[in-house]
Trainee: 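So that we are looking at the same thing, I have put the structure below in structure tokens.
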2 protein chains.
Amino acid sequence: MASNNHRHHHRASTALASDACIARLSLYVRELARLGTQRISYVSSRRLAEPLGLTDAQIRRDLSQFGQFGTSGRGYEVQRLHDRLTTILGVSDRTWNVALAGVGNLGAALLAYRGFRERGFLFRAIVDADPSKVGRVIQGLTVGSAQHLPELVKQHKIHIGVIAVPVESAQAVCDQLVASGVRAIVNFAPIHLEVPSTVWVRAMDLAIELESLAFYLARTA
Amino acid sequence: MASNNHRHHHRASTALASDACIARLSLYVRELARLGTQRISYVSSRRLAEPLGLTDAQIRRDLSQFGQFGTSGRGYEVQRLHDRLTTILGVSDRTWNVALAGVGNLGAALLAYRGFRERGFLFRAIVDADPSKVGRVIQGLTVGSAQHLPELVKQHKIHIGVIAVPVESAQAVCDQLVASGVRAIVNFAPIHLEVPSTVWVRAMDLAIELESLAFYLARTA
DNA sequence: CACTGTGAATGCATTCACAGCG
DNA sequence: CGCTGTGAATGCATTCACAGTG
């Protein structure tokens with residue numbers, strides 16, 4: 001989130017790149033895909049950086065953490081770099097199963113968004129605590145009861161849980177997801193979720209973004 | 001945006017706190033409000049930090065940039081600190097006028113979310129490029145034509161623009177907002193918006209969050 | 001010659017650790 | 001004694017600048 005994402009995980013393994021760097025890799029993939037559709041075959045770090053509002057040095061530094069992908073004097077081969085980065089990000093050939101908890105307005109919006117499917121993120125199970133919503137079919141998926149979340153997670157081999165429930169039940173839903181084996185969560189509820197250090201959480205908190213803007217506006221009005 | 005939010009603004013004025021710090025101030029306000037409803041009148045930096053997943057030192061450091069609010073041996077008076085921070089954030093006594101461009105699923109979800117109104121962010125104008133949507137009433141607001149965005153911005157004295165349109169038209173809508181005098185924008189489209197350095201942009205990019213999670217899952221599977 | 005990849009320098013944010021206060 | 005506020009230390013991310021390469 002913005003940037004907003006805390007990292008207090010203590011992993012022994014290999015030194016991972018920073019959150020910010022990983023987020024930028026996604027940006028590079030997007031821009032490379034766009035360049036690909038324009039039949040552009042080579043791109044320099046400078047040209048890749050410009051439309052993203054970044055610097056050439058930053059791109060080279062980010063990429064250098066994962067290997068050497070460029071050619072001196074020529075730049076990067078668009079298709080090749082795209083493929084390498086999607087592999088690094090784990091979105092090249094495989095798909096990820098996503099569960100959605102909370103089918104309110106926001107949940108429905110997430111289900112309707114095409115971008116996820118294109119990148120290999122597939123909603124496999126959706127649940128809601130409201131009995132009147134259970135059984136409804138949205139985007140081809142039947143809304144399940146919140147009680148069945150654990151078994152749905154196992155049944156569909158869910159990798160990522162998306163929490164779009166009211167703040168009061170967010171931690172409980174999170175606990176259920178974690179207990180069922182989910183190790184990655186996107187949280188839209190305005191609360192810090194307590195999870196074991198083996199679980200990754202990303203917070204999407206729009207109210208915080210608005211308040212940040214209010215701060216800057218109030219100072220420069 | 002997430003941290004994801006880049007900052008490449010060159011402001012002469014007083015040294016502003018970092019984006020991350022401002023975002024945390026919002027978290028403090030939230031937690032203080034919660035403590036207030038529990039009739040807790042004093043809180044130490046440690047007790048404030050814990051439920052937010054932060055450290056006591058960080059809270060004291062953040063607050064110290066804006067003044068001295070605590071009492072040695074006692075901690076912070078909940079109500080007083082809450083009031084001071086909302087004032088600093090610019091959300092204490094005033095309201096902010098928000099315009100929404102793009103009334104799709106996401107836009108509708110944003111309109112329906114109560115949290116914004118509570119914090120003083122009021123949707124005043126909504127527009128969509130789809131003629132079949134123009135004239136519809138959502139949450140008490142009539143959908144206007146996208147062409148009328150500039151005059152609506154002026155008419156309603158819009159402070160903040162929210163872009164929830166397809167990626168193809170995001171930059172154009174952004175340009176319209178900026179030309180109409182909007183100096184703060186929340187962008188949900190997966191593209192880097194080009195704006196003058198006097199305008200603040202926050203990116204909300206869910207696809208990037210999901211890909212970051214995929215990266216970590218792929219490494220620790 | 002145009003560009004990459006990377007040591008070195010810089011700049012920031014976070015953490016430590018403690019003097020000083022109520 | 002418990003806690004704040006803050007210099008000092010640390011740790012990271014970004015930027016600089018350039019040797020090396022196709």
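Protein chains get the first letters and strands the later ones, always in sequence-line order, with residue 1 at the start of each.
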Trainee: With the side chain of Ser45(A) defined as its heavy atoms from C-beta on, choose the nearest nucleotide among dT4(C), dT14(C), dG22(C).
Mentor: dT4(C)
Trainee: Quick one: is dG5(D) close enough that its OP1 or OP2 comes under 4.0 Å of any side-chain N or O from Tyr76(B)?
Mentor: yes
Trainee: Can you tell me if the side-chain N/O atoms of Gln65(A) get under 4.0 Å from OP1 or OP2 in dA13(D)?
Mentor: no
Trainee: Is there, by distance only and without an angle test, a donor paired with an acceptor across the side chain of Arg61(A) and the base of dT15(D) below 3.5 Å?
Mentor: yes
Trainee: Starting from P on dT14(D), measure out to CG on Leu52(A) and report it in whole angstrom.
Mentor: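 Spelled out: CG on Leu52(A) to P on dT14(D) is 14 Å.
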Trainee: Would you say Gln58(A) and Asp62(A) are linked by a side-chain donor-acceptor pair, where the criterion is simply a distance under 3.5 Å?
Mentor: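 The criterion, which ignores hydrogens and geometry beyond distance, is not satisfied for Gln58(A) and Asp62(A).
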Trainee: Does dG20(C) have OP1 or OP2 under 4.0 Å away from a side-chain N or O of Ser72(B)?
Mentor: no
Trainee: With a non-hydrogen cut-off below 4.0 angstrom, is Arg24(A) in contact with a base, only sugar-phosphate, or nothing?
Mentor: sugar-phosphate
Trainee: Can you tell me the distance, in whole Å, between the CD atom of Glu50(A) and the P atom of dC3(C)?
Mentor: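 For the pair Glu50(A) CD and dC3(C) P, the rounded distance is 12 Å.
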Trainee: Atom CD of Gln68(A) and atom C1' of dC3(C): how far apart are they, to the nearest Å?
Mentor: 13 Å
Trainee: Got a donor-acceptor contact below 3.5 angstrom from the His159(A) side chain to the Asn97(A) backbone?
Mentor: yes
Trainee: Which residue, Gly73(A) or Asp62(A), contacts DNA chain D at a nucleotide closer to its 5' end, judged by nearest heavy atom?
Mentor: Asp62(A)
Trainee: If the threshold is 4.0 Å, N to carboxylate O, is there a salt bridge linking Arg47(B) and Asp56(B)?
Mentor: no
Trainee: Output the rounded distance in Å from CD1 (Ile59(B)) to C1' (dC3(D)).
Mentor: 13 Å
Trainee: Quick one: Arg60(A) CZ to dC3(C) P, roughly how many Å, whole number?
Mentor: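 Going from Arg60(A) (CZ) to dC3(C) (P), I get 10 Å.
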Trainee: Could you walk me through whether Trp96(B) and Ile158(B) pass the side-chain contact (heavy atoms from CB on, under 4.5 Å) check?
Mentor: CA-CA 8 Å; Trp96(B) 297 95; Ile158(B) 296 298; over 6 Å; no
Trainee: Look at Arg30(A) together with Asp205(B) and state whether they make a salt bridge at an N to O cut-off of under 4.0 Å.
Mentor: yes
Trainee: I'd like to know if Arg74(B) reaches the base of dT4(D) with its side chain, counting only an N/O donor and acceptor under 3.5 Å.
Mentor: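 No.
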Trainee: Can you measure Glu77(A) atom CD to dC3(C) atom P for me and round it to whole angstrom units?
Mentor: 16 Å
Trainee: On DNA chain C, does the nearest nucleotide to Gly75(A) precede the nearest nucleotide to Ala57(A) from the 5' side, or the other way round? Give the residue.
Mentor: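 The residue closer to the strand's 5' end, by nearest nucleotide, is Gly75(A).
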Trainee: In whole Å, what is the span from the CG atom of Leu63(B) to the C1' atom of dA13(C)?
Mentor: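 Computing the Leu63(B):CG to dA13(C):C1' distance gives 16 Å.
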Trainee: From the list dG5(C), dC3(C), dG5(D), which nucleotide is the closest neighbour of the side chain of Ser44(A)?
Mentor: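 Given the options dG5(C), dC3(C), dG5(D), the side chain of Ser44(A) is closest to dC3(C).
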Trainee: Would you classify Arg46(B) as touching base, sugar-phosphate or nothing, given that sugar-phosphate means primed atoms plus P, OP1 and OP2, and contacts are heavy atoms under 4.0 Å?
Mentor: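 Nothing: the residue Arg46(B), judged by heavy atoms under 4.0 Å, touches no strand.
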Trainee: Just the rounded figure in Å: distance from C1' of dT4(D) to CG of Asp56(B).
Mentor: 10 Å
